[in-house]
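Below is one structure, written out as structure tokens; the observations come after it.
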Number of protein chains: 2
Amino acid sequence: MVSRRPPPAAPRRRPGPRRPGRRTAPAPDTRTALFEAAALAFSEAGFDGVSVDRIARRAGVNKAMLYYHFRGKLALYRAIVREMLRDGGARIAAVADAADPPETKIRRFVEAFLALTEGRPWFPRLMLREMAEGAPHLDLETLGGFRTVLSAFSRILAEGQAAGVFRPVHPVLAYLSITGPLLLNLARERAGAAPGRAALPMLAPIPRDQVRAHLERIALCVIRT
Amino acid sequence: MVSRRPPPAAPRRRPGPRRPGRRTAPAPDTRTALFEAAALAFSEAGFDGVSVDRIARRAGVNKAMLYYHFRGKLALYRAIVREMLRDGGARIAAVADAADPPETKIRRFVEAFLALTEGRPWFPRLMLREMAEGAPHLDLETLGGFRTVLSAFSRILAEGQAAGVFRPVHPVLAYLSITGPLLLNLARERAGAAPGRAALPMLAPIPRDQVRAHLERIALCVIRT
DNA sequence: GTCTATAAATAGATAGAC
DNA sequence: GTCTATCTATTTATAGAC
């Protein structure tokens, strides 16, 4: 049910943002407006839950512009995910390649991931949703973005193991053990923010610092010798 | 985008399964067939990704029967979630109320949760998806089913804390720290099972015993003093 | 209880004027 | 680059025969 008609086989002709010296209208940032409106909308309602029309209206532009600037709904969605993974991968790589002891890097990793979820409100929702669905909207190229993140994380683990302070642990399990509780907790708090649910203690927010401390504890006790 | 028209305000008239001594046709198990077909379909494609028509066809019955036996698509979905939570809550409560030391109960909890995910293939997918979306399809009554599960888990924590073997920890964070990695790992393996992804080591399955051992380690190191 | 037929709404996508 | 208008497929849901 991802897309009603078979995907149009990708001729890939990216217009590229804002070439100087054109004859047409100013075009302030139609492409960017579409991108950000779609990112928020997808994170709130999921790929199937958002209509192309709604994205366009939210961006304040015409629906047809989505098909002009991107190749369609699915291509726009993938562009959003790729951008997220590119930025996330760069930040995690910066942590992994810094000159810190492995344990510090793990703490920095937790903080970087937390910052990522706070800087882009759509990041955790969109990512968790896509994972929960089994990533049916992503192609191999987009999935490759995950590898960048995971391999940076794995470098930290390997360094700690070489130094004898970390035990051997499956990198994927370790990664999911840190990020999973965080993503699910954010989803839980979001569920509690829905109207008529304020009275459910089960869905009440937990202070940010308490969450951060908990995640660091998980991280270190899972991978430390 | 949950349902196109406003929900019909719930007169709640459950037909009840199979009353003996009727005059109409045998009706072997139309209701059950619909229930199971829908559970699998919802877990595969999500609430919005499955059409009523598809559920009916998969169950081998007519589409109109869904509206006869349940009140509509949303009511059927909620019935499935409620059944899951009822059964899950009962199993976790059985673990919590047994005569074991707290640490054993935690291990039993992990095993019970794992068994739950293995016994009902749709359980982890459906649950993770619904959580990832912020539970937009659930009413307060259905959400109450979560409380049963969580309170049983909290009883184990409280018992261990009273005995001095567990440290004080937020029950919700502890719960998510065990179940989150498991659910996300299942989703990851499912993503890897999609056609054309067998070559991605990042999505390769991890042996069940390794996962179980990892979850137990997380559980105990998060809550133990 | 079960079915066919259809209503009423909305989806993604495109053609073509400007 | 941007727009309006529209095509076509699909959706949830119901009416009414049997």
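Chain naming here is simple, since letters A, B, ... match the order of the sequence lines and numbering starts at 1 in each.
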Are any protein N/O atoms closer than 3.5 Å to N/O atoms in nucleotides 3-6 of chain D? If there are, list each pair with its distance.
residue: dC3(D); atom: OP2; partner: N62(A); partner atom: N; Å: 3.0
residue: dT4(D); atom: OP2; partner: N62(A); partner atom: ND2; Å: 2.8

### Message
Once you measure the plane-to-plane angle for F109(B) and F153(B), does it fall in the parallel (<30°), tilted (30-60°) or perpendicular (>60°) bin?
### Response
tilted
### Heavy-atom check, side chain of E189(B) versus side chain of I206(B), under 4.5 Å
yes
#### Entry: Residue pairs involving residues 34-47 of chain A (criterion salt bridge (charged side-chain N to carboxylate O under 4.0 Å, His left out); sequence neighbours excluded)
E44(A)-R58(A)
### Query
Just wondering, do R155(A) and K105(A) contact through their side chains at under 4.5 Å, heavy atoms?
no
### Task
Look at the side-chain N and O atoms of T30(A) and state whether any lies under 4.0 Å from the OP1 or OP2 oxygen of dG1(D).
no
### Query
Tell me: NE2 of H69(B) to C1' of dT2(C), nearest whole Å?
9 Å
### Message
With a 4.0 Å limit, can you tell me whether Y67(B) has a side-chain N or O closer than that to the phosphate oxygens OP1/OP2 of dA13(D)?
### Response
yes
### Query
Are F113(A) and F123(A) an aromatic pair by the rule of ring centers under 6.0 Å?
yes
### Task
State which residue, out of V211(B), L128(B), I218(B), fulfils the side chain to side chain contact (heavy atoms under 4.5 Å, CB included) condition with L182(B).
V211(B)
### Polar side-chain atom of R108(A) near backbone of V95(A) as donor-acceptor pair, under 3.5 Å
no
### Task
Verify the neighbour count for atom CZ of R78(B): are there more than 12 heavy atoms of other residues, nucleotides or ligands below 6.0 Å?
yes
### Query
Given the rule that a pair is Watson-Crick or G-U wobble with both distances under 3.5 Å, how would you write DNA chain D in dot-bracket, using | for pairs to a different strand?
|||||||.||||||||||
